[in-house]
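One structure below.
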Protein chains: 2
Amino acid sequence: MDGKVINLKSKMEIYKAISDGGNIANCPVREVIQGVSGKWRSLLMMALAEQPYRFGELRRLVPDISQRMLTQTLHDLQRDGYVHREVFPTKPPGVEYSLTDLGRSMFGAFHQVILWAELNHDAVRKARAAFDAGG
Amino acid sequence: MDGKVINLKSKMEIYKAISDGGNIANCPVREVIQGVSGKWRSLLMMALAEQPYRFGELRRLVPDISQRMLTQTLHDLQRDGYVHREVFPTKPPGVEYSLTDLGRSMFGAFHQVILWAELNHDAVRKARAAFDAGG
DNA sequence: AGTGCTGGTCTCTTTTTGAGACCACCAGAG
DNA sequence: CTCTGGTGGTCTCAAAAAGAGACCAGCACT
């Protein structure tokens, strides 16, 4: 995958941004990465990548998220352009959340991490257990 | 760990694991994903993917991390098997941190997200600005 | 003897998160 | 008509996590 000389100049530029001058705090890539990270964001992205969901459905889908964090995380995802929020004027008004094109695009990349986790979560578990045992 | 054995091969099965039965809290994939997420973890992984670094070097490289969080995050990454910690008995003892094979493997997947961020951070910025402006 | 570098830990304060009450609205049951 | 439940939230308060900075031992150079 990486070897030595990477054909991707962007990779080098990212590292440069980190190591050069220490101006990492302003790195736009970092902002996006940290916007992708976060306890609930990835989880909600995974759910919405499957299909659009309504607020209550998401709440039931991710039982251990508080209503407050669900509201806030969806708001943040919407703000970053990953999620579209649509209100339906039904009898009790319903709100549907769905991925935007940008969201689907981002999820395409993030999906690699999901697949890796799927294949390697056992190794991580073992490492964790070994570390906890051996100190 | 849970009733359903999650042996996911495809994207769809992952989503099923989320939506089926709502037992997402025990999903091992979720654990790993959230272990990858986090404000500093990704940043330190990026730095260490470039080359091994010592504690103080990392501190200078990521100026806005507190010493406390650097210690803790490195410890966590080591615990999960992504990072190797080696103490050199030099005059003032130095500690070098480097990626393990598992860490490099994980970073290979995560790298896709970095590349996406590199290409699309402008779109995210615009979305954010538009959202803040229009409400 | 004082200063600085090594990699940390300990304490205190601020920020973030979690738990749960509360809100207005409407539908159907009794 | 009241009672209950489901719609999507907001508000408050306590707990957990993160940030800021003091402090530590050991050694080198001055």
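Sequence lines set the chain letters: A, B, ... in the order given, protein chains first and strands last, and positions in each chain run from 1. Keep in mind the model is a prediction, meaning the values are calculated, not measured.
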Which whole-number value in Å describes the distance from [X] [atom1] to [N] [atom2]?
{"X": "B:Tyr53", "N": "C:dT6", "atom1": "OH", "atom2": "C1'", "value": "19 Å"}
{"X": "B:Gln78", "N": "C:dG7", "atom1": "CD", "atom2": "P", "value": "15 Å"}
{"X": "A:Met69", "N": "C:dT15", "atom1": "CE", "atom2": "P", "value": "17 Å"}
{"X": "A:Leu70", "N": "C:dG20", "atom1": "CG", "atom2": "P", "value": "17 Å"}
{"X": "A:Gln72", "N": "C:dT16", "atom1": "CD", "atom2": "P", "value": "9 Å"}
{"X": "A:Asp64", "N": "C:dT17", "atom1": "CG", "atom2": "C1'", "value": "13 Å"}
{"X": "B:Arg54", "N": "C:dC5", "atom1": "CZ", "atom2": "P", "value": "13 Å"}
{"X": "B:Ile65", "N": "C:dG7", "atom1": "CD1", "atom2": "P", "value": "14 Å"}

Considering every strand and a 4.0 Å limit on heavy-atom distances, what is the contact class for A:Tyr97: base, sugar-phosphate, or nothing? sugar-phosphate

When A:Ser66 and A:Pro92 are each assigned the nearest nucleotide of DNA chain C, the 5'-most assignment goes to A:Ser66

Least distance between heavy atoms, B:Leu102 atom then A:Ala123 atom: CD1-CB, 3.8 Å

Closest contact, heavy atoms only, A:Ser37 versus B:Gly38: CB-N, 3.7 Å

Chain B footprint on DNA chain D, 5' to 3' - any atom under 4.0 Å from a heavy atom: D:dA18 to D:dC27

Taking atom CZ of B:Arg128 as the centre, does the number of heavy atoms from other residues, nucleotides or ligands within less than 6.0 Å exceed 12? yes

B:Arg60 side chain N/O closer than 4.0 Å to the phosphate oxygens (OP1, OP2) of C:dC5? no

First of B:Trp40 and A:Glu57 reached from the 5' end of DNA chain D, by closest nucleotide: A:Glu57

Of A:Arg68 and A:Arg85, whose nearest nucleotide on DNA chain D comes first from the 5' end? A:Arg85

Side chains of A:His111 and A:Leu115: closer than 4.5 Å at any heavy-atom pair? yes

Just say parallel, tilted or perpendicular for the rings of B:Phe55 and B:Tyr97, cut-offs at 30° and 60°. tilted

Is A:Asp122 salt-bridged to A:Lys126, going by a charged N under 4.0 Å from an acidic O? yes

With respect to A:Leu44, which candidate in A:Asp76, A:Leu61, A:Leu99, A:Leu74 satisfies the side chain to side chain contact (heavy atoms under 4.5 Å, CB included) definition? A:Leu74

